[in-house]
Amino acid sequence: MSLKSLTKPWQPMSYGFLDASAKRELRRKMLKSVAVPGCQMPYASREVPMARGWGTGGLQVSLTLLNPQLRVKVIDQGADDSVNAASIRRFLALVSGAPVTLDTLGADLIQSRHRIPEEIMREDQILVLQVPNPEPLRSVQPNMSIARQMHADADYGRMWLQLYEQIVRSGRVMQGAGYPSLVNGRHVMTPSPIPRWDVPKLNMAKHLTILSAGREKRIFAVPPYTRVKPLVFDDVPYRVEDHGGLTCSRSTAKGFFMNEIPQVDGSSTYEVSDSSYGVKTIQKRDGDAVQFGETWYNDGEMTQ
Amino acid sequence: MLTTPVQSPEEAAGNATFDALLWALSRPGMARTLPEPSDSPIIDALIDRECKVHCNDPLLVPQILRSGANQIDIVGADHVFLAVLDDIAALDDVAKGSDLYPDDGATVVLQVTLDRGPRVQLSGPGVDGTLALRIGGLPAGFWQRRAALSRYPMGFDLFLRDGAQVVGIPRSTKVEVL
């Protein structure tokens with residue numbers, strides 16, 4: 001063994017920013033998280049040039065997967081053009097030379113904060129979700145060692161109790177985002193703070209979903225064709241947001257998840273949350289040739 | 001302004017290997033292609049000094065030593081490379097993790113012959129309904145022993161390699177011998 005065989009030529013920066021050992025560790029943990037769907041795997045979240053809590057977990061997963069052929073799309077609350085999405089997209093392209101896109105259909109890797117695109121993702125696509133709080137039990141058990149034991153025992157009674165109490169107090173489940181969901185009939189996970197509207201999209205989806213929390217140093221995954229069932233009582237059906245009847249005021253797209261925009265007179269207008277879908281709808285109205293994919297919701301109803 | 005770093009050949013191979021392994025494990029039973037027909041790209045992509053490796057293939061030992069990994073007995077190893085598996089009793093010693101930390105379960109890489117041998121049917125996460133395939137070269141009773149040893153979420157994850165083709169069988173997959 002010589003010194004030369006142990007060293008590598010000098011580089012100003014590792015490809016994809018992360019060093020090789022960070023990538024290997026993430027690879028090992030990603031494989032384990034796919035093997036046990038919905039189970040939170042601890043990992044050594046590395047420093048990246050972005051504050052913890054701003055998508056560093058998702059960023060590390062994307063950096064590990066990136067190569068110069070992988071086309072990347074980044075979304076923040078449905079929008080491609082918000083500060084968080086734009087800066088992550090620019091960073092990913094800068095450190096890897098990967099091409100970028102705004103179109104869900106053209107992307108190989110979609111890193112997202114708090115939304116799943118409206119168009120159905122394909123079998124070869126990977127969705128990376130940024131997770132602020134990976135522990136669904138935190139609201140009922142703040143001690144994370146005990147929460148881990150509860151996951152090990154599949155002891156989710158308190159989770160059900162919390163939902164029951166919400167129904168008793170308010171007449172409905174008040175959990176708006178990050179609805180606790182049972183994965184593969186075994187582990188309860190938080191699907192990251194996606195709206196209730198998006199949770200059914202994960203059930204038996206064709207794509208691979210990887211959820212990563214950089215600040216909390218946990219990673220978990222939902223492989224394709226995996227059961228993801230929101231926790232619901234038999235007699236209280238799961239309800240998504242009542243956005244099925246709303247129309248986007250800018251693009252006239254109808255039956256998708258909307259952003260509510262308050263008006264001066266106290267009323268509201270709405271615009272479609274998936275900005276790329278809204279833009280495509282406007283382009284189509286203007287007579288441009290655009291390609292639409294199948295959507296999970298049609299006229300506000302889940303298709304499957 | 002920073003210049004975009006260029007992907008080195010080692011980096012590209014590691015990335016392609018991991019892509020194959022990740023998709024193999026995400027879609028159990030569907031073969032993916034490794035950059036070269038051996039276990040060495042898997043070692044390069046996954047193994048470093050944080051790993052405890054058991055390997056019974058003398059040809060791979062120098063590479064594992066170079067990676068800095070601890071070479072240990074099969075008990076307690078987190079990555080197990082078995083070029084030959086004669087006795088299924090070896091499976092008893094493979095780390096299965098715990099209910100608290102299922103990620104302590106080992107990754108086991110075996111050499112098999114795909115498209116020949118007994119037919120098995122897979123179901124579970126990653127499989128759209130069921131999937132039947134032929135996997136040869138494993139000792140008799142292998143799948144029964146795997147089922148007896150795994151109590152989900154404890155268990156070990158398999159990569160079955162035939163040349164450059166690799167099939168992943170995670171612990172969540174139910175394997176029925178037809």
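Both backbone and side-chain heavy atoms feed into the values below; hydrogens, waters and symmetry mates do not. Naming convention: chains lettered A, B, ... in sequence-line order (proteins, then strands); numbering from 1 in each chain.
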- Item | Electrostatic pair B:Glu50-A:Arg24, nearest N-O below 4.0 angstrom | no
- Task: Please look at A:Ala93 and chain B and tell me whether the side chain, the backbone, both or neither of the residue comes under 4.5 angstrom of a heavy atom of that chain.
- Result: backbone
- Could you tell me whether a side-chain N or O of A:Arg28 sits under 3.5 Å from a main-chain N or O of B:Leu46, the two making a donor and an acceptor? yes
- Measure distances from B:Ile169 to the heavy atoms of chain A and classify the residue's part below 4.5 Å as side chain, backbone, both or neither. neither
- Select, from A:Gln40, A:Lys8, A:Gln125, the one with the greatest count of heavy-atom pairs under 4.5 Å involving chain B. A:Gln125
- Query: Backbone N or O of B:Ala45 within a donor-acceptor pair of the A:Arg27 side chain at under 3.5 Å?
  - Reply: yes
- Any chance you could measure B:Trp23, atom CH2, to A:Glu123, atom CD, to the nearest 0.5 Å? 8.0 Å
- Query: Short question: side chain of B:Thr4, backbone of A:Leu94 - any donor-acceptor pair under 3.5 Å?
  - Reply: yes
- Bottom line for A:Arg148: the part with an atom under 4.5 Å from chain B's heavy atoms is both
- Task: Answer yes or no: is there a donor N or O on one side and an acceptor on the other, between the side chain of A:Lys32 and the main chain of B:Ala106, under 3.5 Å?
- Result: yes
- Query: So B:Asn15 and A:Leu70, side-chain contact (heavy atoms from CB on, under 4.5 Å) or not? Walk me through it.
  - Reply: CA-CA 11 Å; B:Asn15 185 282; A:Leu70 205 71; over 6 Å; no
- Query: Checking A:Ser33 against chain B: side chain, backbone, both or neither under 4.5 Å from a heavy atom?
  - Reply: neither
- Message: Between A:Leu31 and B:Asp157, is there a side-chain heavy-atom distance shorter than 4.5 Å?
- Response: no
- Which answer fits A:Gln11, side chain, backbone, both or neither, if we ask what part of it has an atom under 4.5 Å from a heavy atom of chain B? side chain
- Contact class of A:Asn67 relative to chain B, heavy atoms under 4.5 angstrom: both
- Item | Under 4.5 Å from any heavy atom of chain A - which part of B:Thr107 | both
